[in-house]
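As structure tokens, the structure follows; a few thoughts come after it.
Source: prediction; values computed, not measured.
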Amino acid sequence: MEFSMKKLLLFSTVLVMIMVQASFAEFYTWEDEHGVAHITDFPPPAHLKGQNVQRHAEGDPADKSEQYTPQKGKAPVIELYTKNDCPDCEKAKEFLRTNGLVFTEYNMDEDKTAVSRRKDIDESEDVPFAIINRIQVYGFTEAIYNRALKAMP
């Protein structure tokens, strides 16, 4: 019986450590060669790694980012590229709606002009992809969306 309790305690400790590690997700802010700002949960392309790249650890005490709070008279401009059957796309839309934010959705499965519009921005078809006040955001993480919304001009 005592041996099983030790296993349970060890398993619980490992599980807590994994959960804590996940809460300290990294994200990157960087500028591409055209001066376009990006916020991603993955590193920038290799040729940009030494230029204007900032690596952030979510939950880092130095990171003072809080939840987005709207500024009176300043509404963010948001375009959201999505596809059908995309759980992260649904999370992104729900986040924006919950925060009372108006956005334009371009569903790349239902609107072929959305595909060409996206190709004008980059060659990727990964979704969700948002442009929040000219900042390109790949994927969906609530903290990254909050960061992009707080970077309003």
Side-chain angles (χ1 to χ4, degrees), residues 14-153:
V14 170
L15 185 61
V16 168
M17 289 173 66
I18 290 170
M19 290 171 52
V20 167
Q21 181 67 24
S23 71
F24 288 97
E26 292 181 337
F27 64 96
Y28 301 83
T29 56
W30 49 281
E31 231 176 74
D32 67 18
E33 55 273 355
H34 304 290
V36 176
H38 300 264
I39 300 176
T40 62
D41 56 0
F42 55 86
H47 70 280
L48 294 174
K49 284 197 176 174
Q51 305 169 354
N52 295 326
V53 175
Q54 294 180 6
R55 182 174 147 191
H56 307 274
E58 172 108 16
D60 183 341
D63 181 13
K64 305 284 188 230
S65 66
E66 299 169 7
Q67 197 166 8
Y68 167 72
T69 52
Q71 298 175 1
K72 191 170 186 152
K74 287 189 175 184
V77 177
I78 304 169
E79 294 180 2
L80 182 64
Y81 291 82
T82 63
K83 289 184 178 180
N84 297 334
D85 302 319
C86 168
D88 283 342
C89 296
E90 293 304 317
K91 289 177 189 174
K93 290 189 289 188
E94 181 62 26
F95 171 83
L96 295 170
R97 287 184 191 119
T98 300
N99 284 287
L101 297 165
V102 175
F103 61 95
T104 303
E105 180 181 0
Y106 297 101
N107 185 307
M108 295 171 55
D109 285 336
E110 298 173 6
D111 180 1
K112 295 306 168 198
T113 61
V115 175
S116 65
R117 184 181 184 93
R118 172 70 190 272
K119 292 274 186 207
D120 289 342
I121 299 166
D122 70 11
E123 290 298 313
S124 174
E125 290 190 18
D126 294 339
V127 290
F129 171 71
I131 302 174
I132 302 173
N133 296 319
R134 298 185 316 224
I135 296 173
Q136 296 180 2
V137 182
Y138 296 82
F140 174 73
T141 304
E142 195 170 310
I144 294 174
Y145 271 51
N146 280 322
R147 167 94 40 182
L149 287 163
K150 290 182 96 175
M152 284 184 52

Exercise. Show your working on salt bridge (Lys or Arg N to Asp or Glu O under 4.0 Å) between Lys91 and Glu94 and close with a plain yes or no.
Key: CA-CA 5 Å; Lys91 289 177 189 174; Glu94 181 62 26; over 6 Å; no
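- Counting only heavy atoms from C-beta outward, the side chains of Leu101 and Tyr145 never approach each other to under 4.5 Å.
- Listed here is the closest heavy atom pair of Lys93 and Leu80: CG-CD2, 3.5 Å.
- A disulfide (SG to SG under 2.5 Å) check over residues 87-132, counting only residues at least two apart or in different chains, returns the pairs Cys86-Cys89.
- Formation of a donor-acceptor pair under 3.5 Å by the Arg134 side chain with backbone atoms of Val77 is not found in this model.
- For the side chain to side chain contact (heavy atoms under 4.5 Å, CB included) test, residues two or more places apart in sequence or in another chain that qualify with Asp109 are Lys83, Asn84, Asn107.
- Interatomic distance, Leu96 CG to Ile132 CD1, rounded to the nearest 0.5 Å: 6.5 Å.
- Residues Thr113 and Ser116 come closest through the heavy atom pair O-OG, 3.0 Å.
- In this structure, Asn99 CG and Glu142 CD are separated by 7.5 Å, a value rounded to the nearest 0.5 Å.
- Shown here are the side chain to side chain donor-acceptor pair (under 3.5 Å) partners of Asp88, two or more places apart in sequence or in another chain: there are none.
- When the salt bridge (charged side-chain N to carboxylate O under 4.0 Å, His left out) test is applied to Arg97, no partner is found at least two apart in sequence or on another chain.
- Note that the CZ atom of Arg117 and the CG atom of Asp111 stand 9.5 Å from one another [nearest 0.5 Å].
- Here disulfide (SG to SG under 2.5 Å) pairs that include residues 122-151, with residues two or more places apart or in two chains, number zero.
- Side chains of Ile121 and Ile131 form a contact here, defined as non-hydrogen atoms less than 4.5 Å apart.
- Expressed to the nearest 0.5 Å, how far OG1 of Thr82 lies from CZ of Arg118 amounts to 11.0 Å.
- Evaluation of the ring pair (Phe, Tyr, Trp, His ring centres under 6.0 Å) test over residues 97-123, restricted to residues two or more places apart or in two chains, returns Tyr81-Tyr106.
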